[in-house]
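Worksheet for the structure shown next.
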Protein chains: 2
Amino acid sequence: MNEKELKKIIKEAGLSFTKPRAAILKLLTREHGPYSADEIFEKLEEGLCDRATLFRTLKQFKEKNILNSIRFDEDFARYEFNHPGHHHHHIICKECSKVIVLDHCFVEEIDQKIELMGYKDVEHKLEFFAICPNCQNK
Amino acid sequence: MNEKELKKIIKEAGLSFTKPRAAILKLLTREHGPYSADEIFEKLEEGLCDRATLFRTLKQFKEKNILNSIRFDEDFARYEFNHPGHHHHHIICKECSKVIVLDHCFVEEIDQKIELMGYKDVEHKLEFFAICPNCQNK
DNA sequence: GTATGTGCAAAGTGTTTGCATTCTT
DNA sequence: AAGAATGCAAACACTTTGCACATAC
């Protein structure tokens with residue numbers, strides 16, 4: 001994603017366009033992740049962004065729906081770019097932690113059932129944990 | 001659950017039967033939760049169990065499959081008693097955090113599809129986040 | 001009696017915050 | 001020039017660990 005597109009996204013969220021924000025967004029639009037704050041920090045060019053700024057930015061991007069956050073059974077959050085209309089799930093290998101994206105959503109109808117129960121604004125998180133083909137041969 | 005049953009579960013897991021472990025297990029078999037370590041600590045009789053022991057016990061119980069842990073979008077884990085054969089999901093209110101249990105599993109067939117993709121030992125976590133009927137009237 | 005578990009206090013992570021300085025608009 | 005964002009260091013919340021004492025078997 002080029003500078004102009006990055007700027008558009010950031011400005012439309014009502015945030016000013018700064019070096020750290022551009023770099024974080026660029027990375028997450030280029031690589032799907034989902035990445036932890038720490039992984040993102042390591043991938044960013046040295047000195048480009050403080051950890052505090054990174055966390056502040058992730059939080060803001062999440063509030064503005066630019067990013068989603070997910071938690072696999074870990075003690076840190078993971079972030080990924082929220083490609084509009086690209087709702088999806090993951091398979092996470094229990095051994096090597098490799099993540100595969102599943103483009104199809106299997107539970108859309110369930111969201112609707114839950115709305116019929118009187119709930120509003122229904123969302124869900126669905127993740128699969130398994131041992132990947134590669135790790136089975138070790 | 002009575003003393004005898006609690007002891008059976010704990011001993012069958014290969015752990016010795018102690019006061020803190022009995023109290024934690026008793027609580028979680030009586031109330032579904034899922035509760036955070038902090039909530040559990042508050043519910044236990046004062047002085048009955050140190051926080052360190054609580055965390056150690058939760059970890060062991062989880063390893064022995066006595067408890068499950070889940071993470072809603074929070075920065076702490078929640079624990080619930082693993083009623084054998086009682087696989088289920090939750091609806092969590094985005095406002096008041098009230099949790100409802102959904103007894104039906106909607107994605108069992110998906111687990112099987114993922115096995116056909118070459119994965120082994122497939123599990124999943126599925127949680128719904130919505131605004132509950134009660135919170136809509138505020 | 002030996003192994004296992006516990007409490008206490010200290011340390012470890014991941015994340016947030018206060019504040020002075022710097023950048024965006 | 002005013003407001004917003006950043007870096008740094010200190011603080012926080014949740015969880016883990018080391019060690020001496022206590023309990024289970």
Side-chain angles (χ1 to χ4, degrees), chain A residues 3-4 6-26 33-64 66-79 97, chain B residues 3-4 6-26 33-64 66-79 97:
Chain A
E3 189 100 336
K4 203 169 256 178
L6 296 172
K7 186 162 187 174
K8 182 159 180 272
I9 295 174
I10 292 171
K11 298 258 58 175
E12 281 181 354
L15 300 167
S16 27
F17 183 71
T18 66
K19 231 178 211 173
R21 299 215 258 238
I24 294 165
L25 186 56
K26 186 171 190 176
Y35 292 134
S36 64
D38 220 61
E39 286 169 334
I40 296 169
F41 189 80
E42 292 304 326
K43 283 170 187 282
L44 291 175
E45 199 183 317
E46 175 125 26
L48 206 150
C49 174
D50 188 75
R51 268 199 162 76
T53 301
L54 174 54
F55 278 108
R56 277 189 280 240
T57 301
L58 292 172
K59 193 177 209 177
Q60 292 162 326
F61 280 1
K62 187 185 167 184
E63 280 162 9
K64 305 295 186 180
I66 296 173
L67 300 181
N68 292 323
S69 74
I70 328 169
R71 300 196 79 122
F72 302 152
D73 223 5
E74 305 161 318
D75 49 359
F76 48 82
R78 290 178 174 273
Y79 297 85
S97 297
Chain B
E3 190 100 334
K4 202 168 255 179
L6 296 172
K7 186 161 187 176
K8 182 160 183 270
I9 294 174
I10 292 171
K11 298 259 56 175
E12 280 181 355
L15 300 168
S16 27
F17 183 71
T18 66
K19 230 178 212 172
R21 299 215 258 239
I24 293 164
L25 187 54
K26 185 170 192 177
Y35 292 135
S36 64
D38 220 61
E39 287 169 332
I40 296 169
F41 188 80
E42 292 303 327
K43 282 170 187 283
L44 291 175
E45 199 183 317
E46 175 123 27
L48 206 150
C49 172
D50 188 76
R51 267 200 163 74
T53 302
L54 174 55
F55 278 109
R56 277 189 281 238
T57 301
L58 292 172
K59 195 177 208 177
Q60 291 163 325
F61 280 0
K62 186 186 167 183
E63 279 162 13
K64 304 296 186 180
I66 297 174
L67 300 181
N68 291 324
S69 74
I70 329 167
R71 300 197 79 122
F72 301 152
D73 223 6
E74 304 160 320
D75 48 1
F76 48 82
R78 291 177 174 272
Y79 297 85
S97 297

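On a predicted model such as this, the values are computed, not experimentally measured, just so you know. In what follows, chains are A, B, ... by sequence order, proteins preceding strands, each numbered from 1.
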Is there a side-chain contact (heavy atoms from CB on, under 4.5 Å) between L58(B) and I40(B) once you walk through the steps?
CA-CA 10 Å; L58(B) 292 172; I40(B) 296 169; 4.0 Å; yes
Criterion side-chain contact (heavy atoms from CB on, under 4.5 Å) on R21(B) and S16(B), from CA distance to verdict:
CA-CA 9 Å; R21(B) 299 215 258 239; S16(B) 27; 3.6 Å; yes
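Backbone-only engagement by F76(B) is indicated by non-hydrogen atom pairs under 4.0 Å involving sugar-phosphate atoms exclusively. Across all strands, L58(A) comes closer than 4.0 Å to no nucleic acid atom at all (heavy-atom distances). R56(A) comes within 4.0 angstrom of a base, heavy atoms only.
The side chain of K11(B) places an N or O atom within less than 4.0 Å of a non-bridging phosphate oxygen (OP1 or OP2) of dC25(D). Between T53(A) and the phosphate of dA5(D), there is no side-chain N or O to OP1/OP2 separation shorter than 4.0 Å. Between dG14(C) and R51(A), no contact under 4.0 Å exists linking OP1 or OP2 to a side-chain N or O. Residue S16(B) has a polar side-chain atom (N or O) positioned under 4.0 Å from OP1 or OP2 of dG5(C).
Atom pair D50(B):CG and dA20(D):P shows a separation of 17 Å (rounding to whole Å applied). Atom CG in D75(B) sits about 15 Å away from atom P in dC12(D), given to the nearest Å. One can place NZ of K59(A) at 12 Å from C1' of dC12(D), the figure rounded to the nearest angstrom. Atom CZ in F55(B) sits roughly 15 Å away from atom C1' in dA11(C) (whole-Å rounding).
For dG14(C), the base has no donor-acceptor partner in the side chain of R78(A) [N/O atoms by modelled type, under 3.5 angstrom]. The base of dG14(C) has none of its N or O atoms less than 3.5 Å from a complementary donor or acceptor on the side chain of R71(B).
The pair K8(B)-E12(B) meets the salt-bridge criterion, with a side-chain N (NZ, NE, NH1 or NH2) lying under 4.0 Å from an Asp/Glu carboxylate O.
Cation-pi geometry between R51(A) and F41(A) is met: under 6.0 angstrom from the ring centre, within 45 degrees of the axis.
For R21(A), counting side-chain heavy atoms from C-beta on, the closest listed nucleotide (dA4(D), dG7(D), dT15(C)) is dA4(D).
Both Y79(A) and T18(A) sit near DNA chain C, but only Y79(A) has its closest nucleotide nearer the 5' end.
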